[in-house]
Amino acid sequence: MSANLATCGYLSADELAACLPSHERMAKGPVAVIECVQDIPCNPCEEACPVRAITVGLPITSLPVLDAAKCIGCGVCIARCPGLAIFVVDASRPGDEGTVQLPYEAWPLPEPGDAVNALDRTGRRVGAGAVEKVLASKTQDHTAVVTVRVPKELLNTVRAISVEGRDGA
Amino acid sequence: MTQADTDIIVIGAGPAGLSAAAEAARLGAAVLVLDENDRPGGQLFKQIHKFFGSKDHRAGVRGYAIGDSLLAETARLGARIELGAVVYAIYPDRRVAVITADQRRLLLNPKKIILATGASENALAFPGCTLPGVMSAGAVQTMVNLHRVLPAEKTIMIGSGNVGLIVSYQIRQAGGQVAALVEAAPAIGGYGVHAAKISRLGVPILTGHTVKCVHGVDRVEGVTLVALDDRFRPVPGSERDVAVGCVAIAVGLTPLAELALMCGCKFTYIPKLGGHLPVHDDNMETTAAGIYVAGDITGVEEASSAMEEGRLAGIAAAEALGRVAPQEAAALKQAVWARLNALRTGRFGQARRDAKEQITAEGRGAHVS
């Protein structure tokens, strides 16, 4: 991917590099990936973070900065981001698989155990995923957070899922 | 609806008008809001997405929830809302001519008028554009989010501003398909995060493309897309056909400024903000004394800034009526300006702020009665 968010609608490798936590950090446990690269006036992520790992500051068009060392990967920011631009990746478990937590705003919600298509930033199917957990509390206000298990090498690639035959995909 | 005790008439019960009404009523003015629609809230009740901004701007709250709280606020503060009420004229003596929902014709005589009439969606002309199935993105959004009807199984969206991007996503949420989002310019107009949301659902965004024609006999059956060169000329041989049942058009908005024209306000032309706009000052007062404006009529932005402008107009109108001391009014307005200026920063906001400053510079101290 060498394309640009403003011309193609998805992050280029360069843009992505600025968002991704290090391999070492990902191997330690769940950590947020904030794919927010334009100076739009927005800062709910900053307030959402219970450990103050996200800083936007002033002006509110500043880009969010994640302190990956502070981030505990709780995922509260995922549903609070109006742009649905925050994900949590976890490469810490043994074996070949890790998890991606992603925002999900369609109906019906997937269920734990569902086999899903793992999609990249362009909506292309890149592999199979398995739903582990679905959080849809009232405070999330209809933005569910779905935890999907995927091969570790796809943790920075998978950013959406589709359930076969459910969403027209 | 009675004339008796109305200080301020607000025309338009969208985010700007309701905010203006709430603020003026809070300061003690008797406010009547008129709206030609049968529901208040303007576009808020079909905006099912979470808003951007800070906590002060209600960030993270969905549009319809903001609409609910604005309606509750105006009701609590005692502003009256009259629906189905069409304002068809404002006369030189500032009397407001209305046809009510029950077909009565009234001439009201408020002390101040706040115009919050919003904007209308732009059309796009191409062969087949009158076929059923070609509609504005706002119409699709109304069908899908309010009436819960998909216009077609598969839609093509024209225009990549935030409206085109958001409505494409909402079509997908409703279970519909979006064959592509087509943008004539070389870059996407709206926020990248909105573009990313539809990209990862597999909706291709075709920049440098437009719709050449629509085909179908008595309804849309498909479109022919064509690539554009760097001077927006169709590239011969680049045509391709896509089967869709709906063509949604999101190519910008134009302020609904007819009532301001009737008032004899001075206008200015700013394409970036949607075209011909009434000049106004920092109080949102036009060059016609006692006539205020707020929201998209002052230049097309979005609901968050429309609400702030409404609050400004409401405070200023109440101040002009002597309902609030100048010092207190100044402090209230300053707080609103701080929030507005925060929204009008960054690559998307700064150009709007510059254009707005051009308007207010023209408007300062330029009242004619």
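Below, read A as the first sequence line, B as the second, and so on, with proteins coming before strands; counting in each chain starts at 1. As the structure is a computational prediction, the values presented were derived from the model and not from experiment.
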Pair count under 4.5 Å, heavy atoms only, with chain A: among B:R344, B:K154, B:R62, B:E153, highest is B:R62
query: Stepwise, does the side chain to side chain contact (heavy atoms under 4.5 Å, CB included) test hold for B:I205 with A:Y10?
result: CA-CA 10 Å; B:I205 300 176; A:Y10 46 88; over 6 Å; no
Nearest heavy-atom approach of B:I188 to A:L5 is CD1-O, 3.6 Å
Discussion item. Take a 6.0 Å sphere around CG of A:D96 and say whether it holds more than 12 heavy atoms from other residues, nucleotides or ligands.
Written reply: no
inquiry  = Counting only heavy atoms not in A:R93 (residues, nucleotides, ligands), do more than 12 fall under 6.0 Å from its CZ?
reply    = yes
Note: A:P44 and B:A59 closest approach over all heavy atoms is CG-CB, 3.6 Å
* To do: May I have the step-by-step check of side chain to side chain contact (heavy atoms under 4.5 Å, CB included) for A:T122 and B:R200, ending in yes or no?
  => CA-CA 5 Å; A:T122 70; B:R200 63 183 183 251; over 6 Å; no
So, the part of A:E35 with a heavy atom under 4.5 Å from chain B: the answer is backbone
The interface call for A:S62 against chain B, heavy-atom contacts under 4.5 Å, is neither
Comparing B:G60, B:A174, B:G192, B:A187 against chain A, the one with the most heavy-atom pairs below 4.5 Å turns out to be B:G192
Discussion item. Does A:W107 form a side chain to side chain contact (heavy atoms under 4.5 Å, CB included) with B:Q173? I'd like the steps, not just the answer.
Written reply: CA-CA 7 Å; A:W107 194 258; B:Q173 285 182 294; over 6 Å; no
Minimal heavy-atom distance between B:Y169 and A:E105, with the atoms involved, is OH-OE1, 2.9 Å
### Message
Is it true that, when you exclude A:K28 itself, more than 12 heavy atoms of the residues, nucleotides or ligands shown sit nearer than 6.0 Å to its NZ?
### Response
no
| said: A quick test of your reading: do over 12 heavy atoms of other residues, nucleotides or ligands sit less than 6.0 Å from CZ of B:R347? | reply: yes
Keeping the roles fixed (side chain from B:K50, backbone from A:A79), state whether a donor-acceptor pair exists under 3.5 Å. yes
How about CZ on B:R233, more than 12 heavy atoms from neighbouring residues, nucleotides or ligands closer than 6.0 Å, or not?
yes
Whatever's closer than 4.5 Å to a heavy atom in chain A on B:K197 counts as side chain
So, the part of A:E47 with a heavy atom under 4.5 Å from chain B: the answer is side chain
Looking only at A:I40, A:V37, A:L58, A:I60, the option with the highest number of non-hydrogen pairs under 4.5 Å against chain B is A:I40
Okay, B:F51 and chain A: the region with an atom under 4.5 Å from a heavy atom over there is backbone
Crowding at CD, B:Q43 (>12 non-hydrogen neighbours, <6.0 Å):
no
Here the gap from B:F52 atom CZ to A:T61 atom OG1, rounded to the nearest 0.5 Å, amounts to 13.5 Å
dist A:E46:CD -> B:S54:OG (nearest 0.5 Å) comes out at 10.5 Å
When the 4.5 angstrom heavy-atom criterion is applied to A:R124 and chain B, the contacting part is neither
